[in-house]
Colleague: 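Below is the structure I would like to discuss, written out as structure tokens.
What you see is a predicted model; the values in this text were computed from it and never measured.
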Amino acid sequence: MLKSIIQQMLFKIDPEKSHHLSFWGIRALTALPFLTQLVLGKQTASNDSRLGQELWGLHFRHPVGLAAGFDKDAKVYDALGKLGFSFIEIGTITPKGQPGNPRKRLFRLVEDQAIINRMGFNNDGVDAAKLRLLKRGHQLIIGGNIGKNKATPNDEAVNDYLICFETLFDVVDYFVVNVSSPNTPNLRALQEKEPLLHLLKTLQNKNQSYDQPKPILLKIAPDLSEDQLREIVDIVLEAKIAGIIATNTTINREGLQSPDSAEPGGLSGAPLTIRSLEVIRFLAKESQGAFPIIGVGGIMSAQDALDKLDAGASLVQIYTGFIYEGPALIEEINQALLDRLEN
């Protein structure tokens with residue numbers, strides 16, 4: 001009932017204004033532990049040690065995290081952790097702050113349980129994010145999703161990723177290389193073999209210069225062909241990075257019903273459920289489990305998360321499902337996992 005009331009209120013407001021308003025709500029909800037428990041319950045499943053796992057030398061207390069794009073500037077990661085997430089991915093962060101694309105640039109497709117965004121890496125820049133992350137006072141795992149500035153040509157993109165990598169190195173636990181957003185012109189061209197291999201090898205070389213290297217993952221688009229996915233597997237293995245996040249948003253609009261479905265940008269939510277699952281299953285089989293996969297895209301229910309894990313994902317992330325279903329989805333997924341263990 002409460003979820004429905006809050007959702008109705010937020011959904012009557014412009015999506016981007018609603019997004020920023022939700023930051024205030026999340027901070028207020030988590031400011032007092034008794035209030036969090038009153039609204040969300042005891043989160044018994046999410047705190048069950050049986051769901052914990054070690055990956056890349058990190059301890060995830062359960063497999064459900066928040067995907068990049070929600071807390072772009074690391075403003076509410078601590079409060080989000082109190083909602084029950086075991087890890088938060090901030091970003092996409094670029095070297096310099098930038099306003100992103102012109103508004104209106106965020107659309108709810110309620111009939112399709114989806115969202116279209118063409119935000120364009122709007123963020124305050126890597127130095128501002130670092131200052132906020134220096135205030136970390138907890139063990140919540142933080143991932144840094146990094147990209148290039150819109151004005152940076154592709155042949156100079158490596159420098160932007162290096163700046164973000166070096167600046168955030170001491171304040172995040174893992175990195176995600178984002179070359180798959182459809183909202184920065186020509187960014188997806190960096191997914192081609194030669195530029196992508198160069199980018200990943202350069203970052204990995206820098207990574208190995210530190211005493212304790214950090215996991216580097218690659219986030220890929222769902223719109224790649226099987227041949228391109230095979231190439232991605234080869235690139236990940238050759239560059240010796242830690243894994244893949246599958247998948248980012250899609251440019252496919254097949255089967256949508258909502259009035260705003262023709263808006264350009266990246267589509268997330270329920271229409272992506274099947275395709276992201278197909279990509280995860282293909283990558284796991286093609287790589288023979290050679291590296292971990294974080295599954296994201298269209299996780300709107302506990303069953304969707306279980307399907308991703310069954311397909312070969314080690315962890316899952318939610319975003320649009322969090323918008324539509326609220327933080328209770330975290331506990332629902334973890335309870336479903338516990339039910340499996342006990343049956």
Side-chain angles (χ1 to χ4, degrees), residues 2-3 6-7 10 15-43 45-47 51-52 58-93 106 115 117 119 122-124 128-146 168 171-176 178 219 245 268-269 294-297 299-300 305 315-334:
L2 182 60
K3 184 200 88 171
I6 294 173
Q7 187 181 80
L10 290 174
E16 194 162 349
K17 291 180 180 178
S18 174
H19 179 82
H20 293 297
L21 182 61
S22 71
F23 280 22
W24 176 88
I26 290 168
R27 289 192 186 101
L29 175 62
T30 58
L32 299 171
F34 82 88
L35 184 59
T36 308
Q37 185 171 322
L38 179 66
V39 175
L40 297 179
K42 293 184 178 180
Q43 298 180 310
S46 297
N47 290 315
L51 296 182
L58 301 171
H59 177 73
F60 294 82
R61 64 188 183 93
H62 63 72
V64 187
L66 180 66
F70 189 88
D71 190 13
K72 287 175 177 286
D73 287 302
K75 291 180 176 179
V76 288
Y77 60 88
D78 187 48
L80 287 163
K82 292 175 183 177
L83 288 182
F85 289 106
S86 72
F87 63 108
I88 306 290
E89 195 170 303
I90 60 123
T92 296
I93 298 292
L106 188 63
I115 291 172
N117 93 82
M119 304 300 287
N122 58 310
N123 74 108
D124 295 339
K130 180 176 182 176
L131 285 175
R132 296 186 183 109
L133 289 167
L134 283 170
K135 299 175 183 178
R136 289 176 66 181
H138 53 77
Q139 298 302 311
L140 179 68
I141 293 173
I142 302 289
N145 187 301
I146 57 177
L168 294 177
V171 292
V172 301
D173 300 297
Y174 70 89
F175 284 94
V176 179
N178 188 353
K219 190 165 188 176
I245 297 186
S268 62
I294 297 180
V296 58
I299 298 177
M300 312 299 288
L315 304 168
V316 293
Q317 293 176 326
I318 60 175
Y319 183 142
T320 305
F322 177 56
I323 303 299
Y324 279 90
E325 301 300 326
L329 181 57
I330 306 165
E331 179 73 3
E332 290 169 10
I333 293 170
N334 286 319

Colleague: Do the side chain of Asn123 and the main chain of Ile93 share a donor and acceptor less than 3.5 angstrom apart?
Modeller: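 It does not hold such a pair.
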
Colleague: To check you understand the geometry: which heavy-atom pair defines the closest contact between Ala74 and Ala129, and what is its length?
Modeller: CB-O, 4.4 Å

Colleague: Return all side-chain donor-acceptor pairs below 3.5 angstrom for residues 58-65, not counting sequence neighbours, or 'none' if the list is empty.
Modeller:
| from | atom 1 | to | atom 2 | distance (Å) |
| --- | --- | --- | --- | --- |
| His59 | ND1 | Glu54 | OE2 | 2.7 |
| Arg61 | NH1 | Ser46 | O | 2.9 |
| Arg61 | NH1 | Asn47 | OD1 | 2.9 |
| Arg61 | NH2 | Gly84 | O | 3.2 |
| His62 | ND1 | Val64 | N | 3.1 |
| His62 | ND1 | Asn334 | ND2 | 3.3 |
| His62 | NE2 | Gly84 | O | 2.6 |

Colleague: What pairs with Leu140 under side-chain contact (heavy atoms from CB on, under 4.5 Å), at least two apart in sequence or on another chain?
Modeller: Ile88, His138, Ile142

Colleague: State which residues pass side-chain contact (heavy atoms from CB on, under 4.5 Å) with Ala68; sequence neighbours excluded, sorted by chain then number.
Modeller: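 Partners of Ala68 under the side-chain contact (heavy atoms from CB on, under 4.5 Å) test: Glu89, Asn145.
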
Colleague: How about Leu66 and Leu83: do any of their side-chain heavy atoms sit closer than 4.5 Å?
Modeller: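 Counting from C-beta outward, Leu66 and Leu83 never come under 4.5 Å.
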
Colleague: Partners of Thr320 by side-chain hydrogen bond (donor to acceptor under 3.5 Å, both in side chains), sequence neighbours excluded?
Modeller: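 Scan of Thr320 (side-chain hydrogen bond (donor to acceptor under 3.5 Å, both in side chains), adjacent residues dropped) gives Ser268.
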
Colleague: If you look only at pairs with a residue in residues 24-35, which of them pass as a salt bridge (Lys or Arg N to Asp or Glu O under 4.0 Å), with sequence neighbours excluded?
Modeller: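 Every candidate salt bridge (Lys or Arg N to Asp or Glu O under 4.0 Å) pair involving residues 24-35 fails, so no pair, neighbours aside, qualifies.
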
Colleague: Test side-chain contact (heavy atoms from CB on, under 4.5 Å) on Val176 and Ile294 and set out the steps.
Modeller: CA-CA 11 Å; Val176 179; Ile294 297 180; over 6 Å; no

Colleague: Quick one: list whatever passes side-chain hydrogen bond (donor to acceptor under 3.5 Å, both in side chains) with Arg136, sequence neighbours left out.
Modeller: Asp173

Colleague: For Ala128, check side-chain contact (heavy atoms from CB on, under 4.5 Å) against everything at least two apart and list the hits.
Modeller: Asp124, Arg132

Colleague: Does Asp73 reach the main-chain N or O of Lys75 with its side chain, forming a donor-acceptor pair under 3.5 Å?
Modeller: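 Between the backbone of Lys75 and the side chain of Asp73 there is no qualifying donor-acceptor contact (under 3.5 Å).
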
Colleague: Is there side-chain contact between Phe175 and Ile146, with at least one heavy-atom pair below 4.5 Å?
Modeller: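 Side-chain contact under 4.5 Å: yes.
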
Colleague: Quick one: CD1 on Ile323 to OG on Ser22, what's the gap to the nearest 0.5 Å?
Modeller: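 The CD1 atom of Ile323 sits 6.0 Å away from the OG atom of Ser22.
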
Colleague: CG of Leu80 to OG1 of Thr30: how many Å apart, nearest 0.5 Å?
Modeller: 8.0 Å

Colleague: Between Ala79 and Ile26, which heavy-atom pair has the shortest distance, and what is it?
Modeller: CB-CG2, 3.6 Å

Colleague: Tell me, please, which residues at least two apart from Phe322 pass ring pair (Phe, Tyr, Trp, His ring centres under 6.0 Å).
Modeller: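 Checked Phe322 against ring pair (Phe, Tyr, Trp, His ring centres under 6.0 Å); matches are Phe70, Phe85.
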
Colleague: Would you say that Glu332 contacts Glu325 through its side chain, given a criterion of any heavy-atom pair below 4.5 Å between the two side chains?
Modeller: no

Colleague: Do Tyr324 and Leu329 have side chains that get closer than 4.5 Å, going by heavy atoms?
Modeller: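 Contact flag for Tyr324/Leu329 side chains = no.
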
Colleague: Among residues at least two apart in sequence or on other chains, which ones pass salt bridge (Lys or Arg N to Asp or Glu O under 4.0 Å) with Lys130?
Modeller: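 Lys130 satisfies salt bridge (Lys or Arg N to Asp or Glu O under 4.0 Å) with no residue once adjacent residues are dropped.
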
Colleague: Tell me, please, which residues at least two apart from Lys82 pass salt bridge (Lys or Arg N to Asp or Glu O under 4.0 Å).
Modeller: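 Testing Lys82 for salt bridge (Lys or Arg N to Asp or Glu O under 4.0 Å), a comparison that skips the adjacent residues, returns Asp78.
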
Colleague: Judged by atom type as modelled, is there a donor-acceptor pair below 3.5 Å linking the side chain of Gln43 to the main-chain atoms of Glu331?
Modeller: no

